[in-house]
Amino acid sequence: MSRLNLAAELNEPQITAVTTVEGPLLIIAGAGSGKTRVITWRIANMLEKGIPQHAILALTFTNKAAREMETRVKEITGKKLQSLTVSTFHAFGLGMLREEAEQIGRRKNFSVYDETDKLSLIRECLRECRLYSDKINLYTLGSLFSSVKTGRSGWEDDSVWEPVYREYQESLKIYNALDFDDLLVLPIDLFENSPGILEKYRRRYRYIMVDEFQDTSLIQYRLMKLLACGNGGSLDAEKPGETEAPNICVVGDDDQSIYSWRGASYENILMFEKDFPSLLEIKLEQNYRSTTTILEAANGVIANNANRKDKRLWSGNTGGKPIELFFPADDGEEAAFIASRIRSLMARENLKYHDFAVLVRTNSLTRNIEEAFLAENLPYRVSGGTSFFQRKEIRDVISYLRVIANPDDDVNLLRIINTPRRGIGKTAVARLSALARGGRSSIWGALVRARAAGDESQKQLFEERRAAADSEDFTGLVDAFRDEILGRKAAGGGKWTLSASVRSLVDRIDYWSCLVTEHSKNEKLARWKFSNIEYFIKMIESWERDPDNLDAGLYPYLNRISLITGGDREENAEGKVSLMTIHASKGLEFPVVFIAGAEDGIIPHEKSLEEEAGNIEEERRLFYVAITRARDKLYITSCKKRKRVQNTVECSPSPFLEEIPGRLVRPFEEDKILSEAEAGALFAKMREKFTAGVP
């Protein structure tokens, strides 16, 4: 008998979702309906029923979500989760490919290139194919390569780039590297072409769950389906002669499908229904987040979409404050309004900075709001800014670690071979590259061959004696730290730690002097950059001390970094107003939300509508997501004029505003003047706040 008291924790539809373990299950989970709670309790219930941890695979979209799920399952069950797999799709693919590295023609220490590494390699391949030009948009070309690799498009009118793509693929193999698309494409290739490997993973993972199913792409759907059904198509108990239906549960909400631009398709829900006709469908419609006012506004908007599953969110949190609309004269007044409202509400309602979110359709709308926040001294964070791991000084150190882990990684080797400056200039690098191409090897392989061949070979490579000596020093440095880090040998004896080795590496290359030279006129900036490296080392120390970290070695840490810089970024929002795009806000909630720039051409966005007429429904889903981020209070601003580039243009309110039932909205009203009693109470509250802890 299960020790879990489900009736005390869950409503009836949630209990059904948690206790339905066998067969295919589709859970349509509306915004704020306790989706994550259902998934974690479902895993806990399976463990209580005696299903082994290793038989369960839960796939989601961010490392943060995966960790939260695992933590909650631990709290519910009190069990140590040593073999439960809760991960992102990419992390799952990475783990599998490490295990099957030989099958994909890689060594187990292969590197995973993030977006920056990928674009650097594409630039190199363009030069190799004699097609490089400063006018080429590397990001656009990288997107094309991704679309081709994942099967979203063919070459069509872009066949000129096909030789570059082939060179790119061949270079990845030579450099013992993969890109992020490979983490999904290669597992599928293995499953489709190696029945034994597919069967091994199908036997291992007999219970599969997929979170945020509406955000899955077609390639992710294929991966999931192969794991669930094998390579013979659908397996469903209703079909004569088939074995029992697979135990697969998908959880999603078609009303929150907002990522078509990166390959996601809400139609995967329809495909799932077709592939698994005996599925049980459960709708979670009780919202635990927002007031009735906010939910009815969201329902009123999304009801105008034709291609959706019928559902209507409701809440036990009846009533709620009206949604307030404000029509400022321009974007400067809009920003000032938002900043002043935050200040006012903090004073009146004892709210914290992190209780507020300002949502915009595009990052280009944040500039005026940031200026207003700075003027009001409001602490804030902008999502989607430069990641800590993308800062140059951090990337330099990580590149050293990647080369130590995999010397054949040319992209990272080229980044550091002359950082700090060693005298190995462009001419020497060009000759090394030519030698590497001639021998179909990596640049490291060319360096090693030159060193083994002796002085004469090095003279041909390097015009200056200093460059030859520096290349010897560089290869010696990498070899020494490979021996120390991969062999886990403490330099001065005692216990080895990765953080200590990284600190030793930074000292050995004298990176501080490099920063001082690079920023000779701004030592303050050099110190700030070096403090970032110190913080990075402390992050490694913290990771090493984590009791759940079973392997504090170099490869697991680099895997972690790859997944973070691949998009799973996390920022501490405590004590700061959140300023973010609507896309970035998905999955979050705030007591007070401002939707800024609710104007026609912005929401819905004119470019989205130009690309495809059907995008109006996705734009409406995006507005629905924005509304449902609010728990208690929602403000929407729509400017009469807005500055775009160098021009000021007239604006019209978003047509979506008319879809909100009129009884739920009101024009913004200035705060009423406080009575003497109210003013006294407010002053007392502020005095208590600012004198707390003062003797």
Side-chain angles (χ1 to χ4, degrees), residues 1-61 64-87 205-214 224 228 237 244-253 256 269 272 276 278-290 292 295 309 311-318 587 589 628 631:
M1 181 178 174
S2 175
R3 293 173 294 153
L4 303 179
N5 188 357
L6 301 181
E9 300 289 341
L10 307 167
N11 62 36
E12 285 189 21
Q14 289 175 333
I15 290 173
T16 304
V18 165
T19 56
T20 304
V21 173
E22 307 295 330
L25 178 65
L26 170 61
I27 302 174
I28 302 296
S33 63
K35 168 181 63 68
T36 304
R37 187 175 187 79
V38 166
I39 294 172
T40 53
W41 277 87
R42 193 170 189 274
I43 295 173
N45 182 58
M46 285 194 283
L47 296 177
E48 284 294 304
K49 289 170 71 72
I51 294 172
Q53 292 182 24
H54 63 77
I56 300 172
L57 171 63
L59 296 170
T60 187
F61 278 80
K64 181 180 179 183
R67 282 198 300 274
E68 284 178 357
M69 284 183 196
E70 200 164 339
T71 299
R72 291 193 193 184
V73 173
K74 279 184 185 177
E75 291 171 352
I76 294 169
T77 63
K79 296 177 184 290
K80 289 185 177 180
L81 305 180
Q82 296 175 321
S83 58
L84 176 71
T85 304
V86 183
S87 77
Y205 299 115
R206 292 180 286 110
Y207 295 85
I208 302 171
M209 277 183 288
V210 181
D211 185 22
E212 301 287 7
F213 187 61
Q214 78 283 342
M224 174 212 78
E244 65 180 24
N247 304 316
I248 180 163
C249 168
V250 299
V251 187
D253 179 10
Q256 296 186 73
I269 293 176
F272 188 79
F276 302 92
S278 69
L279 63 81
L280 173 66
E281 179 180 310
I282 298 170
K283 291 180 181 177
L284 305 181
E285 297 172 293
Q286 183 176 356
N287 176 285
Y288 291 91
R289 175 189 299 156
S290 306
T292 298
L295 293 183
K309 285 212 166 261
K311 59 184 168 300
R312 191 168 187 85
L313 295 179
W314 62 277
S315 172
N317 185 9
T318 56
E589 59 181 78
T628 53
R631 289 210 307 253

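Note that this is a predicted model, so its numbers are computed, not measured. The residues of the chain are indexed from 1 along the displayed sequence. Keep in mind that the numbers below use all heavy atoms, side chains included, and drop hydrogens, waters and symmetry copies.
Counting only heavy atoms from C-beta outward, the side chains of Ile56 and Leu47 approach each other to under 4.5 Å. Counting heavy atoms from C-beta on, the side chains of Val86 and Val73 never come closer than 4.5 Å. Counting only heavy atoms from C-beta outward, the side chains of Met209 and Met69 never approach each other to under 4.5 Å. The shortest distance between side-chain heavy atoms of Trp314 and Leu295 does not fall below 4.5 Å. For the pair Val251 and Val38, the minimum side-chain heavy-atom distance is 4.5 Å or more. Phe276 places none of its side-chain heavy atoms less than 4.5 Å from the side chain of Leu26. You'll find the side chain of Ile27 reaches within 4.5 Å of the side chain of Cys249, heavy atoms only.
Between Lys311 and Glu285, no side-chain nitrogen of the basic residue sits less than 4.0 Å from a carboxylate oxygen of the acidic one, so the salt-bridge criterion is not met. Comment: Asp253 does not engage Lys35 in a salt bridge, judged by the lack of any side-chain N to carboxylate O separation of less than 4.0 angstrom.
Here the CZ atom belonging to Arg37 is positioned 10.0 Å from the CG atom belonging to Asn11, to the nearest 0.5 angstrom. Taking OG1 of Thr19 as the start and CH2 of Trp41 as the end, the distance is 13.0 Å to the nearest 0.5 Å. Distance CD/Glu589 to OH/Tyr288: 13.5 Å, rounded to 0.5 Å. Residue Glu281 holds its CD atom at 9.5 Å from CG of Leu25, rounded to the nearest 0.5 Å. Between Thr20 atom OG1 and Leu279 atom CG the span is 11.5 Å, to the nearest 0.5 Å. Between the CG atom of Leu10 and the CG atom of Asn45 there is a distance of 9.5 Å, given to the nearest 0.5 Å.
Asn287 contributes no side-chain N or O that, together with a main-chain N or O of Leu313, makes up a donor-acceptor pair within less than 3.5 Å. At least one donor-acceptor pair under 3.5 Å links the side chain of Gln53 to the backbone N or O of Gln82. With hydrogens and angles disregarded, a donor-acceptor distance shorter than 3.5 Å links the side chain of Arg289 to the backbone of Thr628. A donor-acceptor contact shorter than 3.5 Å is absent between the side chain of Thr60 and the backbone of Asp211.
Shown here for Ala228 and Pro246, the closest heavy-atom pair between the two residues is O-CB, 3.3 Å. Residues Ala66 and Ser87 come closest through the heavy atom pair CB-CA, 4.0 Å. The two residues Gln256 and Gly30 have their closest heavy-atom pair at NE2-C, 4.1 Å. Summarising the geometry of Glu22 relative to Tyr207, their closest heavy-atom pair is OE2-OH, 3.1 Å, with the distance given to 0.1 Å. Considering all non-hydrogen atoms of both residues, Ala7 and Ile15 come closest at CA-CD1, 3.9 Å. Counting all heavy atoms, side chain and backbone alike, Ala44 lies closest to Ile76 at CB-CG2, 3.7 Å.
Side-chain N/O atoms of Gln14 and Glu12 include no donor and acceptor closer than 3.5 Å.
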key: Derivation and outcome, side-chain contact (heavy atoms from CB on, under 4.5 Å), residues Glu48 and Lys79   = CA-CA 10 Å; Glu48 284 294 304; Lys79 296 177 184 290; 3.8 Å; yes
task = Could you walk me through whether Thr36 and Arg72 pass side-chain contact (heavy atoms from CB on, under 4.5 Å), step by step?
result = CA-CA 9 Å; Thr36 304; Arg72 291 193 193 184; 3.7 Å; yes
request  = Run the numbers on Glu9 and Val18 for side-chain contact (heavy atoms from CB on, under 4.5 Å), then give the verdict.
outcome  = CA-CA 11 Å; Glu9 300 289 341; Val18 165; over 6 Å; no
